Structures are given as structure tokens and as C-alpha cells.
Amino acid sequence: MADYVTVDALVQSANLTVVSGSEDLKNRKIVVSDISRPGLELTGYFNYYPHERIQLFGRTEISYTRNMTQDERTEVLKRMCARDTPAFVVSRGLTPPAEMLSAAAAAHIPVLSSTLPTTRLSSLITDYLDGELAERQSLHGVLVEIFGLGVLITGDSGIGKSETALELIQRGHRLIADDRVDVYQQDERTLIGEAPAILSHLLEVRGIGIIDVMDLFGAGAVRTTSQINLIVHLANWTSDKNFDRLGTGVQSQTIFDVEVPKITVPVRVGRNIAIIVEVAAMNYRAKTMGYDATKKFEANLNKLIEQNEAES
């Protein structure tokens with residue numbers, strides 16, 4: 001988890017225009033992902049002013065400032081310039097009040113602008129900050145995107161996770177992270193996985209070493225991040241273990257506050273694990289669309305039993 005995000009990084013990510021304070025972009029730190037739209041503050045109410053947040057001015061706030069006197073604007077905007085206020089952001093390409101520029105310059109606070117509507121801009125900035133400031137958990141495994149689904153392949157070291165990912169890449173799927181996956185929770189139901197910067201686009205194959213997937217297979221073979229939709233756990237096959245044969249057993253793994261569906265695939269000589277993982281992803285997608293082959297089998301079995309009972 002990052003302790004802060006610089007305003008400079010936000011400018012680059014959200015494609016913001018720097019109106020003033022370009023020399024302070026790298027010095028101003030954003031420590032929370034929440035954004036403030038200072039409606040009450042413009043009226044002079046500062047009892048609960050969230051000064052540590054980005055202050056976002058939309059059409060409503062800018063229109064209100066135009067109806068204030070110059071002295072009122074000067075006083076209010078000076079009070080809004082706290083020591084830890086990261087930046088002022090103005091949406092819809094609106095012109096910031098001169099008093100804002102003056103007060104922000106005195107406090108070394110950047111003033112930024114965007115042509116996006118206020119709600120869309122707020123969502124864009126919040127999503128970016130949520131991802132950068134979110135708590136992260138490092139998992140051992142390989143994350144690949146299969147038919148648009150993020151599949152996390154786990155299992156003991158040496159069981160063949162990276163080799164399985166390599167064959168999946170050859171079959172047209174994409175690598176997100178090998179060996180270590182950094183995971184954070186985007187919202188109540190969504191987990192995002194990404195590779196640590198040092199391992200980005202790299203895959204370790206025993207006997208060969210480290211390969212650069214983007215260099216060998218092209219940019220279409222990699223992704224920076226992906227949602228984690230399914231966990232496929234590879235386990236060595238032994239005769240004393242019971243593995244689900246019909247798909248009736250429901251497994252899941254909780255990461256942060258999110259339960260992720262999980263299946264366990266036995267590994268033994270002669271099994272093509274990459275194809276099995278690929279089919280597992282396809283079957284999961286089919287289930288989310290309402291088609292469950294297990295239920296169809298059970299229905300067919302019940303129908304057969306009824307027919308046999310009728311004939312006897």
C-alpha cells in the first residue's frame with residue numbers, strides 16, 4: 001500500500017491541465033482517495049472541512065463563487081488553502097476564479113483543470129486513487145487473462161504454474177503476473193491483480209530461465225492489471241485424495257472481503273493442464289450466464305430414473 005500519491009502522478013494519470021503551480025506538483029501529496037466538493041465551505045462553514053482532500057469545483061461551485069463579492073471569495077479561498085490540501089481541480093474547462101489562483105499560489109497548491117464533466121472526473125480520480133492507495137496483499141501464483149476472465153493459478157512450488165501459463169499464452173491468452181501477484185480490493189465485489197514492477201511481463205520457466213513475454217510474443221500477450229474472477233488450484237494427484245468429478249462441490253477463497261470461486265485440478269503425468277484451465281474458465285463463464293452442465297446432468301439422470309421406474 002502506498003502512503004501517498006503525488007499530484008504530479010495524478011496529473012499524468014487523469015490527463016489534467018496544470019493551470020498554476022507546476023513547480024509544486026511533485027511536492028504535494030494525496031493521502032486519501034476521497035474528494036471534496038466544497039459547497040458548505042463556500043458559504044463560510046468550516047467546522048468539518050476535509051482539508052486533506054482534493055477540492056473539486058464543478059459548475060455549481062464556480063457559479064456560486066461568481067455571485068460572491070471579491071472580498072468573500074478571497075477570504076473563503078484563503079481558508080481553504082490548508083497546509084495539507086493537495087490541489088484544486090476545476091471541471092468542464094471552467095475558468096478558476098482569480099482569487100483561487102492567488103490564494104493557491106501563496107500556499108504552493110497547484111490548480112488543475114479538466115474538460116470532463118464533474119461526476120465523471122470525480123469517478124476517474126477516485127478510481128485511480130483507490131487503486132494506488134489501497135491495501136495490497138501479495139499472493140504466490142500466476143495471473144492470466146483467459147477469454148476476458150482473470151484466472152489466478154495457484155499451487156505448490158514446482159507444480160507447473162508458469163509452464164501452464166506459457167502454454168496459455170501460446171494459445172492466445174494474456175499474462176498479468178508470474179510468481180507473485182499483488183492484489184487489492186477495488187470495491188465490495190472486485191479484486192484487482194497486478195505484477196510487481198520488477199516482474200512486469202516476465203515469466204520464469206525452469207530449465208530456460210526468465211523470459212520477457214512481451215518481447216517474445218508481442219504486446220497482445222500481456223496486460224498490466226486484471227480483475228480476479230476465478231482461482232484454479234493445482235494439486236498433485238494421489239489415490240487417497242478425493243477430487244470433485246461432477247462439479248457439485250462449491251469452493252471459494254476469501255481475499256480481503258471478497259469471496260472468489262475456486263476449483264482444484266489434480267495434476268498427473270499426461271494431463272494437459274493448460275487446456276483444463278482454459279475449459280475451467282469457459283465453464284465458469286457459462287455458469288455466470290445461467291448454463292450449468294452439472295444441473296443438466298442431474299436433470300437427465302432424474303429423467304432416466306423416472307423412465308426406469310415407469311417401465312418397471
Side-chain angles (χ1 to χ4, degrees), residues 1-136 184 186-187 197:
M1 177 176 65
D3 294 328
Y4 65 86
V5 175
T6 64
V7 173
D8 184 57
L10 174 65
V11 168
Q12 301 300 322
S13 174
N15 195 27
L16 301 175
T17 300
V18 181
V19 180
S20 67
S22 58
E23 66 279 3
D24 298 307
L25 295 178
K26 294 183 179 179
N27 300 326
R28 306 303 294 191
K29 299 176 180 179
I30 308 168
V31 296
V32 295
S33 59
D34 296 320
I35 293 177
S36 173
R37 294 193 63 178
L40 287 175
E41 288 76 16
L42 292 177
T43 69
Y45 185 80
F46 279 83
N47 288 21
Y48 299 99
Y49 173 48
H51 46 80
E52 75 284 1
R53 302 180 185 179
I54 287 177
Q55 305 300 317
L56 177 60
F57 283 69
R59 179 179 292 164
T60 302
E61 291 80 13
I62 293 296
S63 297
Y64 188 89
T65 61
R66 290 171 181 167
N67 292 324
M68 301 167 66
T69 66
Q70 182 178 358
D71 290 342
E72 289 172 338
R73 285 195 297 269
T74 300
E75 180 182 356
V76 166
L77 289 167
K78 278 185 177 180
R79 292 186 66 182
M80 291 183 63
C81 293
R83 177 180 297 180
D84 55 354
T85 301
F88 292 100
V89 181
V90 181
S91 65
R92 296 183 176 273
L94 298 168
T95 303
E99 294 80 8
M100 176 189 290
L101 299 177
S102 176
H108 301 285
I109 298 174
V111 177
L112 314 173
S113 177
S114 172
T115 57
L116 292 176
T118 312
T119 302
R120 185 175 171 190
L121 178 61
S122 176
S123 178
L124 176 66
I125 294 175
T126 300
D127 287 346
Y128 170 72
L129 294 178
D130 276 341
E132 292 298 310
L133 297 173
E135 179 182 356
R136 276 168 165 73
Y184 67 90
Q186 187 177 64
D187 54 43

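Values in this document were obtained by computation on a predicted structure and should not be read as measured data. FYI, the numbering just counts along the sequence from 1.
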Colleague: Tell me the closest heavy-atom pair linking Tyr4 and Val31, and the distance in Å.
Modeller: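 Scanning both residues completely, I find the closest heavy atoms to be CB-CG1, 4.0 Å.
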
Colleague: Any chance you could lay out the side-chain contact (heavy atoms from CB on, under 4.5 Å) test for Leu129 and Ile54, step after step, and finish with the verdict?
Modeller: CA-CA 11 Å; Leu129 294 178; Ile54 287 177; 4.2 Å; yes

Colleague: Over all heavy atoms of both residues, which pair between Pro97 and Ile62 is shortest? Give the atoms and the distance, please.
Modeller: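 So the minimum-distance heavy-atom pair works out to CD-CD1, 3.9 Å.
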
Colleague: Run the numbers on Tyr64 and Thr43 for side-chain contact (heavy atoms from CB on, under 4.5 Å), then give the verdict.
Modeller: CA-CA 9 Å; Tyr64 188 89; Thr43 69; 3.5 Å; yes

Colleague: Checking Ala98 now: which residues fulfil side-chain contact (heavy atoms from CB on, under 4.5 Å) with it, not counting sequence neighbours?
Modeller: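 Result, side-chain contact (heavy atoms from CB on, under 4.5 Å) vs Ala98: none returned.
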
Colleague: Could you grab the distance from atom CG of Leu42 to atom CD of Glu72, nearest 0.5 Å is fine?
Modeller: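 Interatomic distance, Leu42 CG to Glu72 CD, rounded to 0.5 Å: 10.5 Å.
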
Colleague: Which pairs, with at least one residue in residues 102-120 and sequence neighbours excluded, count as a side-chain hydrogen bond (donor to acceptor under 3.5 Å, both in side chains)?
Modeller: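 The answer is Ser91-Thr118.
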
Colleague: What distance separates Asp71 CG from Glu99 CD, expressed to the nearest 0.5 Å?
Modeller: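 One gets 9.0 Å once the value is rounded to the nearest 0.5 Å.
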
Colleague: Considering non-hydrogen atoms only, spot the tightest contact between Leu56 and Pro38 and give its length.
Modeller: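 Reported closest heavy-atom pair: O-CD, 3.4 Å.
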
Colleague: What is the distance from atom CG of Leu77 to atom CE of Met68, rounded to the nearest 0.5 Å?
Modeller: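 Between Leu77 CG and Met68 CE, I get 6.5 Å after rounding to 0.5 Å.
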
Colleague: For the OH atom on Tyr45, are there more than 12 heavy atoms of other groups (residues, nucleotides or ligands in this structure) within a distance under 6.0 Å?
Modeller: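 Result for OH/Tyr45: enclosed.
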
Colleague: If I compare all heavy atoms of Gln55 with all of Thr85, which pair ends up nearest, and what's the gap?
Modeller: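 In this case the closest contact between Gln55 and Thr85 is CG-CG2, 4.0 Å.
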
Colleague: Which pairs would a plain distance check flag for residues 5-20, meaning a side-chain donor or acceptor within less than 3.5 Å of a matching protein atom at least two apart in sequence or in another chain?
Modeller:
{"from": "Thr6", "atom 1": "OG1", "to": "Ala9", "atom 2": "N", "distance (Å)": "3.1"}

Colleague: Holding to side-chain contact (heavy atoms from CB on, under 4.5 Å), I want the full list of residues that pass it with Arg59, two or more places apart in sequence or in another chain.
Modeller: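 Residues passing side-chain contact (heavy atoms from CB on, under 4.5 Å) with Arg59: Ser63, Arg92, Leu94.
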
Colleague: Holding to side-chain hydrogen bond (donor to acceptor under 3.5 Å, both in side chains), I want the full list of residues that pass it with Asp127, two or more places apart in sequence or in another chain.
Modeller: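 Asp127: no side-chain hydrogen bond (donor to acceptor under 3.5 Å, both in side chains) contacts found.
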
Colleague: In Å, rounded to the nearest 0.5 Å, how long is the span from CG of Leu133 to OH of Tyr128?
Modeller: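 If we round to the nearest 0.5 Å, Leu133:CG and Tyr128:OH are 8.5 Å apart.
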
Colleague: Among all residues two or more places apart in sequence or in another chain, which pass the salt bridge (charged side-chain N to carboxylate O under 4.0 Å, His left out) test with Arg28?
Modeller: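 Not a single residue meets the salt bridge (charged side-chain N to carboxylate O under 4.0 Å, His left out) criterion with Arg28.
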
Colleague: Looking only at heavy atoms, what is the nearest atom pair of Ser33 and Asp130, with distance?
Modeller: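 In this case the closest contact between Ser33 and Asp130 is OG-OD1, 2.7 Å.
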
Colleague: Taking only residues two or more places apart in sequence or in another chain, which ones pass salt bridge (charged side-chain N to carboxylate O under 4.0 Å, His left out) with Glu41?
Modeller: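 If we apply the salt bridge (charged side-chain N to carboxylate O under 4.0 Å, His left out) test to Glu41, skipping adjacent residues, there are no hits.
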
Colleague: Looking only at heavy atoms, what is the nearest atom pair of Val32 and Ile30, with distance?
Modeller: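 Closest pair (atom of Val32, atom of Ile30, distance): O-CG2, 3.3 Å.
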
Colleague: Kindly write out the residues that satisfy side-chain hydrogen bond (donor to acceptor under 3.5 Å, both in side chains) with Asp34, not counting sequence neighbours, or none if the list is empty.
Modeller: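 With sequence neighbours excluded, Asp34 shows a side-chain hydrogen bond (donor to acceptor under 3.5 Å, both in side chains) to no residue whatsoever.
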
Colleague: For a side-chain contact (heavy atoms from CB on, under 4.5 Å) check, start with the C-alpha distance between Arg73 and Gln70, then their side-chain angles and the critical distance, and finish with the verdict.
Modeller: CA-CA 5 Å; Arg73 285 195 297 269; Gln70 182 178 358; 4.0 Å; yes

Colleague: Scan for salt bridge (Lys or Arg N to Asp or Glu O under 4.0 Å) pairs involving residues 9-24, sequence neighbours excluded, and state none if there are none.
Modeller: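 Residue pairs passing salt bridge (Lys or Arg N to Asp or Glu O under 4.0 Å), neighbours aside: none found.
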
Colleague: If you round to the nearest 0.5 Å, how far is OG of Ser36 from NE2 of His51?
Modeller: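 OG of Ser36 is found 11.0 Å from NE2 of His51.
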
Colleague: Which residues pass the ring-ring contact (aromatic ring centres under 6.0 Å, His included) test with Phe46, sequence neighbours left out?
Modeller: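 Phe46: ring-ring contact (aromatic ring centres under 6.0 Å, His included) contacts with Tyr49.
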
Colleague: Quick one: list whatever passes side-chain hydrogen bond (donor to acceptor under 3.5 Å, both in side chains) with Thr74, sequence neighbours left out.
Modeller: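 Residues passing side-chain hydrogen bond (donor to acceptor under 3.5 Å, both in side chains) with Thr74: none at all.
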
Colleague: Report the residues that fulfil side-chain hydrogen bond (donor to acceptor under 3.5 Å, both in side chains) with Arg37, sequence neighbours left out, ordered by chain and then residue number.
Modeller: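 By the side-chain hydrogen bond (donor to acceptor under 3.5 Å, both in side chains) rule, Arg37 matches Glu61.
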
